[in-house]
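If you're wondering where the values come from, they're calculated on a predicted model, not measured in any experiment. Below, chains carry the letters A, B, ... as their sequence lines are ordered, and counting in each starts from 1.
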Amino acid sequence: MAIVTVALPIRTPEGEFLAHYSGQGLAELDFPQPKAHTVKKPGSLPADIRIWHRLTEAALNSILAGKEPAGLPPLMPVGTAFQQSVWTAMRAIPMGHTRSYGEIAEEVGRPKAVRAVGGACGANPIPVLVPCHRVLAAKKQIGGFGGGLAWKRRLLEAEGVYV
DNA sequence: AATGACAGTCCCA
DNA sequence: TGGGACTGTCATT
């Protein structure tokens with residue numbers, strides 16, 4: 001059975017993100033690429049994907065503007081059981097709040113797997129909407145970020161969080 | 001199958 | 001300030 005995904009661009013004040021949809025929902029969200037690459041739009045899209053994309057566009061722009069999204073598309077990232085549990089825990093962090101890698105590790109029942117939590121954060125396919133940027137190192141240190149620390153700072157700043 | 005490298009954290013010297 | 005143990009995942013060997 002073929003795996004079907006659709007990639008659609010999202011214009012924001014920060015650049016053009018790229019959203020990937022599977023048949024289940026939003027599977028991946030890419031930060032703006034250094035090289036502006038054109039995305040070919042399919043002539044017609046399934047109704048559910050159009051709806052999800054509108055939700056993704058609105059949610060992404062809301063968060064970038066520091067506002068609570070009115071709604072989210074179904075978030076369907078692909079990953080291991082451990083990664084799924086970490087991503088689920090991250091989604092429970094309210095806007096403007098943060099957790100440490102250690103706190104997330106405890107929440108998923110693996111208090112000693114702190115470092116592995118960092119790995120799962122880095123593997124998060126849906127940054128921003130799955131708020132990996134709200135996970136900091138101990139003592140409110142900034143920690144790392146796959147998309148570049150500038151993005152992490154930018155996203156935290158939009159939520160009024162300063163490290 | 002084993003090793004090394006990571007978006008971490010704590011402990012002990 | 002520095003080194004070791006701990007943990008999940010992936011690339012490399």
Side-chain angles (χ1 to χ4, degrees), chain A residues 1-7 9-10 12-37 56-57 59-69 72-163:
Chain A
M1 164 172 110
I3 301 177
V4 179
T5 64
V6 178
I10 299 178
T12 78
E14 313 288 333
E16 188 177 275
F17 286 68
L18 194 56
H20 301 256
Y21 299 90
S22 66
Q24 319 299 313
L26 179 65
E28 183 179 336
L29 182 63
D30 300 335
F31 284 107
Q33 304 294 317
K35 350 192 64 178
H37 72 66
T56 304
E57 287 179 314
L60 176 58
N61 278 298
S62 288
I63 295 178
L64 290 177
K67 293 184 297 187
E68 190 77 35
L72 293 176
L75 303 181
M76 296 285 117
V78 175
T80 66
F82 176 78
Q83 289 168 337
Q84 298 281 354
S85 65
V86 169
W87 299 336
T88 298
M90 290 193 304
R91 290 179 57 184
I93 309 175
M95 273 196 102
H97 293 249
T98 63
R99 297 284 185 278
S100 69
Y101 295 100
E103 286 170 334
I104 297 294
E106 290 193 8
E107 285 179 30
V108 302
R110 303 210 124 37
K112 286 177 288 189
V114 178
R115 195 163 188 190
V117 167
C121 290
N124 168 28
I126 314 180
V128 188
L129 300 195
V130 175
C132 46
H133 58 281
R134 295 181 195 140
V135 184
L136 307 180
K139 197 203 122 198
K140 299 294 185 195
Q141 299 296 299
I142 184 74
F145 199 69
L149 277 184
W151 269 112
K152 189 166 187 174
R153 292 202 165 91
R154 163 73 183 79
L155 292 165
L156 289 170
E157 182 186 359
E159 301 186 10
V161 175
Y162 297 93
V163 288

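The NZ atom of A:Lys112 sits 20 Å away from the P atom of C:dG4 (whole-angstrom rounding). Between the C1' atom of C:dT9 and the CG atom of A:Asn124 lies a distance of 15 Å, rounded to the nearest Å. Between the CD1 atom of A:Ile104 and the P atom of B:dG8 there is a distance of 14 Å, given to the nearest Å. In this entry the distance linking CZ of A:Phe82 with P of B:dA7 reads 15 Å, nearest Å. Rounded to a whole Å, the CZ atom of A:Arg115 is 13 Å from the P atom of C:dG4. Whole-Å rounding puts the A:Lys139 NZ to B:dA7 P distance at 19 Å. Atom pair A:Arg99:CZ and B:dT9:C1' shows a separation of 18 Å (rounding to whole Å applied). Distance CD (A:Glu103) to C1' (B:dG8): 13 Å, rounded to an integer number of Å.
Between A:Trp151 and A:Phe31, a ring centre-to-centre spacing shorter than 6.0 Å is recorded.
For A:Gln83, counting side-chain heavy atoms from C-beta on, the closest listed nucleotide (C:dT9, C:dG8, B:dG8) is C:dT9. For A:Ala138, the listed nucleotide lying nearest its side chain is B:dC10; candidates were B:dC10, C:dC6, B:dA7. Nearest to the side-chain atoms of A:Cys132 among the listed nucleotides C:dT9, C:dG8, B:dA7 stands B:dA7. Considering only side-chain atoms of A:Phe145, the nucleotide from B:dA7, C:dT9, C:dT7 that sits closest is B:dA7. The side chain of A:Ala113 lies closest to C:dT7, out of C:dT7, C:dT9, B:dA7. Taking every side-chain heavy atom of A:Ala116 into account, C:dT7 is the closest of B:dA7, C:dT7, C:dT9.
Checking side-chain atoms of A:Gln33 against main-chain N and O of A:Glu16 turns up no donor-acceptor pair under 3.5 Å. In this structure, the side chain of A:Lys140 does not engage the main chain of A:Tyr162 through any donor-acceptor pair within 3.5 Å.
Nucleotides C:dT12 and B:dA7 have their P atoms positioned 16 Å apart, rounded to a whole Å. Using C1' as the reference atom, C:dG4 and B:dG4 are 16 Å apart when rounded to the nearest Å.
Note that OG of A:Ser100 is 12.0 Å distant from CD of A:Gln141, once rounded to the nearest 0.5 Å.
Note on A:Gly143: nothing from the nucleic acid sits closer than 4.0 angstrom, heavy atoms only. As judged by a 4.0 angstrom heavy-atom cut-off over every strand, A:Tyr101 is placed among the base-contacting residues. Across all strands shown, A:Gly146 has heavy atoms under 4.0 Å from base atoms, whether or not it also approaches the sugar-phosphate.
Base-pair partner of B:dA7: not found among the strands shown (Watson-Crick or G-U wobble, both distances under 3.5 Å). For C:dT1, the paired nucleotide is B:dA13, the pair qualifying as Watson-Crick or G-U wobble because both relevant distances are below 3.5 Å.
A salt bridge (charged side-chain N to carboxylate O under 4.0 Å, His left out) with A:Glu159 is found for one member of A:Lys152, A:Arg134, A:Arg153 and no other, namely A:Arg134.
Contact check, A:Arg110 against C:dG8: a side-chain N or O comes under 4.0 Å of OP1 or OP2.
Between A:Val86 and A:Thr88, the closest side-chain pair of non-hydrogen atoms is not below 4.5 Å.
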